Undergrad: 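If you scroll down you'll find the structure; I have some questions about it.
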Amino acid sequence: MTETQSNVLLDHVDARAVTGDLDEAILDRNMIVQLDPDHPGFRDAEYRRRRNEIAQLALKYHPRDPIPDAPYTQEEHQVWATIWKALQPAHQAHACAEYRGCLTKLNFEPDRIPQLREVNEKVQAISGFRLEPVAGLVQPRVFLENLADGVFLCTQYIRHHSTPLYTPEPDVVHEIIGHGVTLASERLAELNRLFGKAIKRTQSAAELEKLSRVYWFTIEFGVLREDNETKAYGTGLLSSAGEMAEMHKAELKHFDLDAAAAEKYDPTRFQPMLFCADSFDSMYHTLHDYLVRW
Ligand SMILES: [Fe+2]
C-alpha cells in the first residue's frame with residue numbers, strides 16, 4: 001500500500017452491489033460481510049469472527065427497535081482510544097467551529113467506543129436524527145434515501161487493531177466521529193435530510209450519480225473558510241487525522257455545486273481537489289437552495 005493510499009476511505013456513495021440471499025427487507029440495508037484479501041483483518045480469524053458477531057446485530061435489527069449494544073472488547077476500545085488521541089489535536093487545528101461545538105455537546109469518553117444507543121439519545125434530542133445499525137456498506141440509493149426520514153444507516157464494527165489510523169471502509173469511528181457528530185448540528189442534519197429528499201425525487205442513474213458526487217464533495221469532503229483558514233466540515237476528513245493534515249495540500253475550487261456534480265473522484269486516494277465555501281453560512285445556504293431546487 002502506498003503512502004497516498006494509507007488513510008483513505010471507501011464510503012457509502014461508493015458501495016458495491018449487495019449480494020447474498022437474505023430476506024429482501026434486510027438485504028436492502030445490508031451487505032454480506034466479506035473482507036477483501038487486502039483488508040488489514042483478512043488473515044485474522046478472531047477479527048473476522050468479531051465482525052460477523054457485530055454484523056449479526058444489524059442483520060437481526062428491525063427499524064425503530066431499540067438498538068442492541070455491541071459487545072466491544074477491551075482491544076477494540078483501545079483502538080478507539082488511539083484514534084481519539086490522534087484526532088483531538090487535528091480537530092482543534094482543522095475542524096470548523098460548527099463541528100467543534102457539536103463535539104462538545106456529545107462529550108465522548110476518550111477510551112470507550114460509544115454505543116449507537118447512547119449517541120442517539122443526544123443527537124435525536126438536537127436534530128431528530130437517529131443512527132440505525134447496518135452490517136456493512138449499503139447500496140447508495142438506500143443509504144441516501146434513509147436520510148430523508150432522519151435515519152443514518154450506521155456500521156457498528158471497528159477497524160482492525162493493526163491499522164488504527166486507517167480503515168478501507170466506513171467503521172464506527174467514521175460513522176460516529178464523522179456523521180454522528182455532524183448530525184448534532186441542526187443545520188448539517190437538515191442538509192442531510194434534504195439530500196435524502198432530493199434522492200427520492202431522482203429517477204435516472206446518471207442524476208443519482210451527480211447527486212452522490214455533490215454529497216461526496218460536501219457532506220463527506222467539504223471544506224470552508226473560517227478566520228482566514230481552511231477548515232473541514234466533511235465527515236471523511238473529520239474522522240481521520242491523516243485526511244485533515246492532507247486536505248491543506250488539495251487544490252481548492254470555488255464552491256460551485258454544478259461543478260461538483262460533474263466532477264469525478266477517486267475514493268482510493270487522498271482527494272487532490274476539494275470544493276471550498278466562503279463560510280459555513282454560505283455553504284449552508286448554497287447547498288440548501290441547491291437541494292431544494294433539485
Ligand atoms: Fe461517510
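Counting convention: from 1, in listed order, for ligands and their atoms alike. Note that this is a predicted model, so its numbers are computed, not measured.
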Undergrad: Can you give each donor-acceptor pair under 3.5 Å made by side-chain atoms of residues 286-294, sequence neighbours left out, with the distance rounded to 0.1 Å?
TA:
from: Thr286; atom 1: OG1; to: Ser282; atom 2: O; distance (Å): 2.7
from: His288; atom 1: NE2; to: Glu190; atom 2: OE2; distance (Å): 3.4
from: Trp294; atom 1: NE1; to: Thr202; atom 2: OG1; distance (Å): 2.7

Undergrad: NE2 (His174) to the Fe ion (ligand 1) to NE2 (His179): angle, nearest 10 degrees?
TA: 100°

Undergrad: Using a cut-off of strictly less than 2.8 Å, determine whether Glu175 has an N/O/S atom near the Fe ion (ligand 1).
TA: no

Undergrad: When you measure from the Fe ion (ligand 1) to each N, O or S atom of Glu220, which atom gives the shortest distance?
TA: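 Within Glu220, restricted to N, O or S, the Fe ion (ligand 1) is closest to atom OE2.
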
Undergrad: Mind jotting down which residue pairs meet the salt bridge (Lys or Arg N to Asp or Glu O under 4.0 Å) criterion with at least one end in residues 84-99? Sequence neighbours excluded, please.
TA: Glu98-Arg187

Undergrad: Check Arg50 with Glu46, please: is the shortest side-chain N to carboxylate O separation under 4.0 Å?
TA: no

Undergrad: State, without any angle test, whether Arg225 and Thr230 hold a side-chain donor-acceptor pair at a distance under 3.5 Å.
TA: yes

